[in-house]
Peer 1: 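My questions will all concern the structure given below.
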Amino acid sequence: MKKIVVFTGAGISAESGIATYRDSDGLWNSYPVDELATPHAFESNPKLVLDFYNMRKKRISLAQPNAAHLVLSDLESKYEVVIITQNIDDLHERAGSTQVIHLHGEITKAQSSIDPEIVYEWGNKPIFIGQHCELNSQLRPNVIWFGEPVPNIKIAQKYFREADIVWVIGTSLSVQPAASLLKRASYHAQKTIIGMDLNVKKKPYGYKFMRGKASSLVPSLVRQLLR
Ligand code: NAD
């Protein structure tokens, strides 16, 4: 079976109504995301950070997978498919994809704030101040913040190296080390970036760029592969 790696970012979930952080509105405009998505932010104002992620979790729980998420799961009938996502939402899983690697964590899980390996299934419930892990430290969302290590990067690099086909969907390629994964793909792999815009300086050699919405381009690419 041919191997496909699909690398996704916030753009694939935009049409499901999950805003990219840059589009976030209301209260959060006064708090740049860089000031909320850091360990320092959590230390200095844990309630603000928990409120922010509880709000995101609520929005995500109400969203539905769109056509792009759904057709990607159809590929599994003919290909070995691994989805590597920067997203913390669970829309790939809810669309039926069975191999999903989250580089930046999962909003439906909670983790200890002193040991990142202590992780709990938390579902759609909010996390409140005073809820503790078994080591008696405050729980936080299972989300990788700026400046924290990305444990799944090694396994993601391996899948990129082994892929025959690489699709990159809905990412600005501005977050590292995730963006550098593209360079791990084989010279011989067929490599495509799908998105609304692309900073050409971020496009590695050998990738073709297709401009457009994920929900219209991805279904037609999937149909071609399944023909
Ligand atoms: P980004 O916001 O930096 O870039 C999104 C990209 O998607 C842009 O290039 C944009 O042009 C493109 N895009 C927007 N709508 C699209 C559509 N309909 N079809 C195709 N492309 C579309 O997102 P990023 O590169 O993923 O990096 C942001 C970071 O924020 C990530 O680390 C991610 O973990 C996190 N984040 C996650 C979620 C989520 O879980 N859904 C949402 C927001 C942010």
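Atoms within each ligand, like the ligands themselves, are counted from 1 in listed order. Along the sequence shown, residues carry numbers from 1. Because the structure is a prediction, the values reported are computed rather than measured.
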Peer 1: Just jot down the ligand 1 atoms closer than 4.0 angstrom to any heavy atom of Lys213, in number order.
Peer 2: 19 (N)
Peer 1: Ignoring hydrogens, just give me the one of Thr8, Val175, Leu198 whose non-hydrogen atom is nearest atom 29 (C) of ligand 1.
Peer 2: Val175
Peer 1: With side-chain contact (heavy atoms from CB on, under 4.5 Å) as the test, pick out the partner of Phe7 among Val82, Ile84, Thr85, Ile12.
Peer 2: Ile84
Peer 1: Check ligand 1 against Ala214 and write out every atom of the ligand that is under 4.0 Å from a heavy-atom position of the residue.
Peer 2: 17 (C), 19 (N), 20 (C)
Peer 1: Would you tell me which option among Arg211, Met196, Glu15 has the nearest heavy-atom contact to atom 16 (C) of ligand 1?
Peer 2: Met196
Peer 1: So between Ala178, Gly170, Ser216, Gly195, whose heavy atom ends up nearest atom 5 (C) of ligand 1?
Peer 2: Gly170
Peer 1: Of all the atoms in ligand 1, which lie at a distance below 4.0 Å from a heavy atom belonging to Arg56?
Peer 2: 38 (C), 42 (C), 43 (C)
Peer 1: For Met210, run the side-chain contact (heavy atoms from CB on, under 4.5 Å) check against Val218, Ile169, Leu198, Leu217 and tell me which one passes.
Peer 2: Leu217
Peer 1: Near Gly9, which atoms of ligand 1 are under 4.0 Å from a heavy atom of that residue?
Peer 2: 26 (O)
Peer 1: Counting from 1, what ligand 1 atoms have a heavy atom of Ala19 closer than 4.0 Å?
Peer 2: 42 (C), 43 (C)
Peer 1: Using a strict cut-off of 4.0 Å, indicate which atoms of ligand 1 neighbour a heavy atom of Thr171.
Peer 2: 6 (C), 7 (O), 9 (O), 24 (P), 25 (O)
Peer 1: Counting heavy atoms only, which of Ser172, Gly212, Ser174, Gly11 is nearest atom 17 (C) of ligand 1?
Peer 2: Gly11
Peer 1: Check ligand 1 against Ile88 and write out every atom of the ligand that is under 4.0 Å from a heavy-atom position of the residue.
Peer 2: 39 (C), 40 (O)
Peer 1: For ligand 1, which atoms have a heavy atom of Asp197 less than 4.0 angstrom away?
Peer 2: 9 (O), 11 (O)
Peer 1: Mind checking whether Ala14 has an N or O less than 3.5 Å away from an N or O of ligand 1?
Peer 2: no
Peer 1: Checking the N or O distance criterion of under 3.5 Å, is ligand 1 in contact with Ile18?
Peer 2: no
